[in-house]
Every structure is written in structure tokens, then in C-alpha cells.
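Heads up: the structure comes next, in C-alpha cells.
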Amino acid sequence: LSRFTDEFDVTGCLGKGAYGCVYAARDKLLKQGFAVKIVRSNEKALREVGTLSKLLHCNIVRYYTCWMEDSRYQGHIAAGNSAGSFSSSQSIEDPSAKYLYIQMELCKTKTLKKWIKEKNTQSLQDSKRRQESVAIAQQIVCGVEYIHSMGHIHRDLKPENILFGVDEKVKIGDFGMVTKDDDDDDDDTALMERTGLRGTSTYMAPEQITGKTYDRKVDIFALGLIYFELLWKLSTGHERGVVWNDARSQKLPEEFSLTFAKENEIIKLMLREKPEDRPEAIKLMAELEKWAQTQNMDQERATV
Ligand code: ATP
Ligand code: MG
Ligand code: MG
């Protein structure tokens, strides 16, 4: 017996991380689509859902409810979707394990990662991308400001964890790494193993990598890198790694600083080595708002 299959028709697999799986599912009674994330229930999972349940903001994926089941749903294999297959290790169920089902707002399948990919295939580094980028950055900062004001740190901001709602708004998702701002004893080693240096492009702040104590400013650092990536087409392979590492130490490409002078200034502040030198989210909100308005005025002048 499963509440999930009782109450929902599973319509697809939205994503699969190392620690869980997210399905698109239609509530049979309401005839409405939701996203349901299934994770092994443990302290960390309960923290994720505990935090998400207290947050209500237009730039944060909306939480509806959660429940526990004795097994993980495994029925749906999405055709032609690699995310739908399961590794053998995951198929072996631990009989004592419990699974947490987290029901959330269903967002579009296009994450910010896909948005960036799409933009990079379009040749024009145009004013439209610039305007869209600041609008996206503003919304993420707005969500982050709210998270920080509630005393939390997201810790895992990256394009694949940022979604678009059906209302077209940008939504911060994946609260799997969330923590209290004043929490000292933490599973930092586990955190490092999971996201730390996997792949060439980490969004983690330097102090987060070296395992020093850190605060909410790690989110500002990640956001700086995201804003840069929204605007700038990064090459692939080795070169990408070089540009990325340079960016992480505030060395943005010269052409970038010439083309995007104002953004360059803002991003460099966000990427400051010392966390205390990075602006607070609330300050950034004001800064980006001013910058967006300037751009709009320029745009209007250009079209008159
Ligand atoms: P990772 O291990 O990579 O951190 P995760 O297992 O922690 O992933 P999420 O990041 O929460 O899980 O979700 C994985 C993917 O599923 C997302 O990148 C996104 O593509 C998709 N997804 C998650 N939540 C939603 C949602 N509410 N609506 C639509 N798609 C979603
Ligand atoms: Mg994720
Ligand atoms: Mg995660």
C-alpha cells in the first residue's frame, strides 16, 4: 500500500540525484500536477523538509506536504530519459529504511542550467540576455534574502537547483543542504563528498571548501558565479576550468569586464575572498534594482 500511488498518477521523472528522485505526479482527486521528491528519511532529509515547510515566498519552490512510506517508489521508468533508470545499488532496499515523500509545486522542466545552455547556443550576446540575466539574478537574490532573513543558509545554489515556475517566476529549489545560520556542528565532510569538488565547476565559496567556519555569505558567493554564468558563454573542457577558477578568485575575463562593466563590478563584490566583504542579499537587491532600472531606461531611449 502506498499513499503515493493511491493518490497520484505518476507522469514522469523530473530528476534524479545521488540521494533522491523527483517525480511529476498528478493528484487524482484535484486533477493537478505536483512534484514529489522521494528521499531516504534521515536527519538531513527531515531538516530539508522542516525548513522548506516554513518558507513561503514567490521565489522559492512551494511546499505542500510530506509523508513517510516504507519503500521507495520504483515503478516509473521514463522512456528515453536517463533520469528514469536506477542503479543497482538503489534497487536494493534496506528493509528498515523509511522514505520521505515531499510534495511540492510542479515547476517547468527547464532549469536555469538548461536556460544557460540554450542561451549559449544562440550567437547573439545581446542586450536581451543582459536584461533577462539581471531579472533572473534579482529574483534569486530576493529568494536568498528571504532565506537569510529566516535564519537559514541554502548552501547549494547552482543553476540545476534553480527552476522556473508556471508563473514564469524564478524558484529556488533543493533545500537538501540547508542549515541554520548559527549551526556549528555540521556534517561538513559529507557535504564536501557530495558536492564539494565533484566536477570542474563548484559554486562553493572558498571558506566552504577549506572547511573553515562559514556563514550565509557562501550563498552570495555562489550567486556571483551564477550571475557571471548567466551573462558569459564559458568554453568547454580545460579552458572552462581555467576561466572558472579565475572567476572564483575575482579574475573575470577582460572582455567580460569591458562588455559588462557594471555587472563586472557587482559580481566582483559578490566573489570577494573574505565573506564579510561580500554584500548582504538585501544590499544586492537594491543594487540590482537600480541597475535593472538603468538598463530599462537605456532600452526605452534606444527604441524611441
Ligand atoms: P542533487 O543530488 O543533484 O542535489 P537532489 O537529489 O538533491 O539533486 P533536487 O535538486 O531537489 O534533488 O531535484 C533534482 C532535479 O529534479 C532538479 O535539478 C530539477 O531538475 C528537478 N526538480 C526538482 N524539484 C522540482 C520541481 N518542484 N518541479 C520541477 N522539477 C523539479
Ligand atoms: Mg539538486
Ligand atoms: Mg541536493
Side-chain angles (χ1 to χ4, degrees), residues 4 8 10-27 32-53 55-66 72-73 76 78 81-87 89-90 99-118 140 143 147 152-179 186-188 190-199 201-204 208 218-219 222 226:
F4 186 47
F8 296 87
V10 185
T11 53
C13 181
L14 295 164
K16 184 175 155 293
Y19 286 73
C21 206
V22 185
Y23 294 98
R26 192 173 161 81
D27 185 304
Q32 191 187 330
F34 291 95
V36 179
K37 181 171 178 174
I38 307 172
V39 291
R40 180 92 176 249
S41 179
N42 52 32
E43 211 179 303
K44 188 189 127 318
L46 291 167
R47 184 163 60 191
E48 170 172 6
V49 75
T51 303
L52 195 58
S53 68
L55 304 180
L56 187 63
H57 189 274
C58 65
N59 298 118
I60 291 176
V61 172
R62 183 167 162 197
Y63 161 88
Y64 286 96
T65 191
C66 73
R72 185 204 296 272
Y73 172 78
H76 192 87
N81 184 351
S82 60
S85 59
F86 292 91
S87 70
S89 66
Q90 276 184 313
Y99 296 87
L100 193 61
Y101 286 64
I102 310 170
Q103 185 183 345
M104 301 172 283
E105 137 185 40
L106 180 62
C107 295
K108 294 184 173 173
T109 50
K110 182 171 158 183
T111 64
L112 192 59
K113 189 175 178 164
K114 286 183 203 150
W115 185 95
I116 292 168
K117 231 181 203 165
E118 260 178 45
I140 307 172
I147 294 167
H152 300 290
I153 318 174
H154 186 283
R155 297 200 296 183
D156 198 18
L157 292 173
K158 54 184 174 186
E160 65 201 88
N161 286 339
I162 295 168
L163 312 166
F164 292 96
V166 285
D167 57 1
E168 302 293 334
K169 288 202 173 90
V170 178
K171 311 272 174 180
I172 299 173
D174 196 354
F175 282 75
M177 302 273 232
V178 76
T179 189
D186 221 341
D187 51 344
D188 273 345
L191 171 72
M192 299 289 299
E193 278 162 17
R194 287 196 53 205
T195 43
L197 303 165
R198 203 173 60 194
S201 42
T202 177
Y203 294 82
M204 279 180 135
Q208 214 173 346
V218 298
D219 288 341
I226 295 171

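In listed order, ligands and their atoms are each counted from 1.
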At under 4.0 Å between heavy atoms, is it the side chain or the backbone of [X] that contacts ligand 1, or both, or neither?
| X | result |
| --- | --- |
| L14 | both |
| K171 | neither |
| N161 | side chain |
| V61 | side chain |
| L163 | side chain |

How many angstroms lie between [atom1] in [X] and [atom2] in [Y], if you round to the nearest 0.5 Å?
| X | Y | atom1 | atom2 | result |
| --- | --- | --- | --- | --- |
| K108 | K171 | NZ | NZ | 11.0 Å |
| S53 | I102 | OG | CD1 | 10.0 Å |
| T111 | K158 | OG1 | NZ | 11.0 Å |
| I147 | I140 | CD1 | CD1 | 10.5 Å |
| Y99 | S41 | OH | OG | 10.0 Å |

Inspect the contact between D174 and K37 and indicate whether a charged nitrogen and a carboxylate oxygen are less than 4.0 angstrom apart.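 Result for this pair is yes, salt bridge flagged.
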Give the numbers and elements of all ligand 1 atoms closer than 4.0 Å to a heavy atom of A35. 26 (C), 27 (N), 28 (N)
Considering the heavy atoms of E160, write down every atom of ligand 1 situated less than 4.0 Å from one of them.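 It comes down to these atoms of ligand 1: 3 (O), 17 (C), 18 (O).
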Counting both backbone and side chain atoms, is some N or O of [X] under 3.5 Å from an N or O of ligand 1?
| X | value |
| --- | --- |
| C107 | yes |
| T111 | no |
| K37 | yes |
| E105 | yes |

Please work out whether the ring planes of F4 and Y101 are parallel, tilted or perpendicular, with thresholds of 30° and 60°.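 Geometry flag for Y101 against F4: tilted rings.
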Review item, side-chain donor-acceptor pairs of residues 58-65, under 3.5 Å, at least two apart:
unit_1 : atom_1 : unit_2 : atom_2 : d
N59    : ND2    : Q139   : OE1    : 3.3
N59    : ND2    : V170   : O      : 3.0
Y63    : OH     : C66    : N      : 3.2

With sequence neighbours excluded, residues passing salt bridge (charged side-chain N to carboxylate O under 4.0 Å, His left out) with E43: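 If we apply the salt bridge (charged side-chain N to carboxylate O under 4.0 Å, His left out) test to E43, skipping adjacent residues, there are no hits.
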Just by distance, do the side chain of D219 and the backbone of R155 share a donor-acceptor pair under 3.5 Å? yes
Minimum non-hydrogen distance to atom 15 (C) of ligand 1, winning option of G176, G15, G165, A24: G15
Got a sec, which residues hit ring pair (Phe, Tyr, Trp, His ring centres under 6.0 Å) with F175, two or more places apart in sequence or on another chain?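 So F175 forms a ring pair (Phe, Tyr, Trp, His ring centres under 6.0 Å) with H154.
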Is there a side-chain contact between W115 and F164 in this structure, where contact means two heavy atoms from C-beta onward sitting under 4.5 Å apart? yes
Protein N/O/S atoms under 2.8 Å of the Mg ion (ligand 2)? N161 OD1, D174 OD2
